[in-house]
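Take a look at the structure below.
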Amino acid sequence: MTMAVLGTGIMGSAMARNWLRAGETVRVWNRTRAKAEPLIEAGAEVADDPGAAVDGVDVIVTMLYDVDAVAEAIEAAGDRIPAGALWLQTSTVGIDGAQRLADLAERYRLSYVDVPVVGTKEPAEQGKLTALASGPDELRDRVEALLRPIASKALWLGPAGTGSRMKLVANTWVLTATAGVSNAIALADALGLDGTDFLDVISGGPLDLRYAHVKGAQMMRREFPASFPVSGALKDATLILAAGESAGVDLAAVEAARRLLDAVAERSHRDDDMSAMYLAARRAV
Ligand code: NAP
């Protein structure tokens, strides 16, 4: 079986590596070729354009920034897309985005599985993502087998598009949890307390969260190595708020997270991890 992975950013490169480790034949393409080249050592072939990447493959995986980037890559591959190939669309594209890509799949006669993932850089590297798969039931066994090298948990949620809905719900939790940690650590600092003591307060109790310790430590060090960049978090906040608006839900906590993200994005932190929200809470940007 041959796979094409379109997009080798933080997530796509880790996923491609795990498929290579599992013995799959993987061709990769990335707009900035230099980011795909480290995968050659792991056994990947690097293609110069999306068409060359998908030529003759059985499975196409997309892991690009947003719906426009995904649609452009598929359209650029155009006639070279093998009819009947399986398309695992793993980028976070929102509800309308997932539908737009389903329509594109129909145009190119691709079997479309909408399968965004939960988990950031480290789980992606460890093959421990949670996959939110949705698509035609007859593809379920094949898709679950394909997801095994990259995901420790794969949910099969229903018809295509259901995965993207659940991804917005999951990221509502991620964004608001990060904003919550940023506020607690910022307030602790500003009140002359040690953020580590706050983490001790919650440690082992019902409100403890391993994530609070990881992100909290970054905030206290004021170092924000990107696992989930501010740019992606902002894009997702916008998708979530649009979904909330059309579903009649007041997502005030997500709006607050977006306000913090906007503030750091305006000050050259777009490529930092979203834990940089702390700087906005501290009014340090
Ligand atoms: P990333 O490291 O910033 O990678 C983004 C990828 O998209 C790169 O390959 C980039 O190419 C490409 N890209 C951006 N704009 C493009 C365009 N106009 N045309 C072609 N390619 C374009 O981001 P990531 O964290 O891997 O995220 C990828 C997707 O996964 C996003 O939808 C994100 O929301 C989702 N996601 C991220 C996480 C996370 O924690 N990081 C977790 C789950 C899901 P270049 O290298 O040329 O810029």
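Counting starts at 1 for both ligands and their atoms, in listed order. Sequence positions, counted from 1, serve as the residue numbers for this chain.
Taking the six-membered ring where tryptophan is involved, the planes of His269 and Phe224 are perpendicular, since the angle between them exceeds 60° and thus also 30°.
Ligand 1 lies less than 4.0 angstrom from a heavy atom belonging to Gly119.
Close approach to Thr120 involves these atoms of ligand 1, each under 4.0 Å from a residue heavy atom: 39 (C), 40 (O). Against a heavy-atom cut-off of under 4.0 Å, Thr32 is close to the following atoms of ligand 1: 45 (P), 46 (O), 47 (O). Near Asp236, with a cut-off below 4.0 Å to any heavy atom, the atoms of ligand 1 are 34 (O). Applying the 4.0 Å criterion to heavy atoms of Lys35 picks out, from ligand 1, the atoms 45 (P), 46 (O), 48 (O). Ligand 1 places these atoms under 4.0 Å from at least one heavy atom of Val117: 43 (C), 44 (C). Residue Thr8 approaches ligand 1 through these ligand atoms, each under 4.0 Å from one of its heavy atoms: 9 (O). Taking every non-hydrogen atom of Lys167 and a distance limit under 4.0 Å, the qualifying atoms of ligand 1 come out as 43 (C), 44 (C). Atoms of ligand 1 lying under 4.0 Å from any heavy atom of Ser91, numbered from 1 in the order shown and given with element: 32 (O).
Between the side chain of Lys215 and the backbone N or O of Val181, no donor-acceptor pair lies under 3.5 Å.
Phe228 does not carry Lys121 over the face of its six-membered ring by the limits of under 6.0 Å from the centre and within 45° of the normal.
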Practice prompt. Give the intermediate values and the outcome of side-chain contact (heavy atoms from CB on, under 4.5 Å) for residues Arg142 and Asp58.
Written response: CA-CA 12 Å; Arg142 189 171 168 215; Asp58 307 290; 4.2 Å; yes
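Geometrically, ligand 1 and Ile10 share a nitrogen or oxygen pair separated by less than 3.5 Å. By the 3.5 Å distance cut-off applied to N or O atoms, Asp66 is not counted among the residues near ligand 1. An N or O contact shorter than 3.5 Å links Ser227 to ligand 1 by distance. Some N or O of Asn30 is nearer than 3.5 Å to an N or O of ligand 1, by distance alone.
In this model, a donor atom of one side chain and an acceptor atom of the other lie less than 3.5 Å apart for Tyr278 and Asp189. Under 3.5 Å, the side chains of Thr62 and Trp87 contain a donor-acceptor pair of N or O atoms.
The nearest protein heavy atom to atom 3 (O) of ligand 1 is not closer than 4.0 Å.
The minimum heavy-atom distance linking Val254 with Thr172 is given by the pair CG2-CG2, 3.7 Å.
A salt bridge links Glu144 and Arg140; the closest N-O separation between the charged side-chain nitrogens and carboxylate oxygens is under 4.0 Å.
Remark: Asp200 CG is packed, more than 12 non-hydrogen atoms of other residues, nucleotides or ligands lying under 6.0 Å away.
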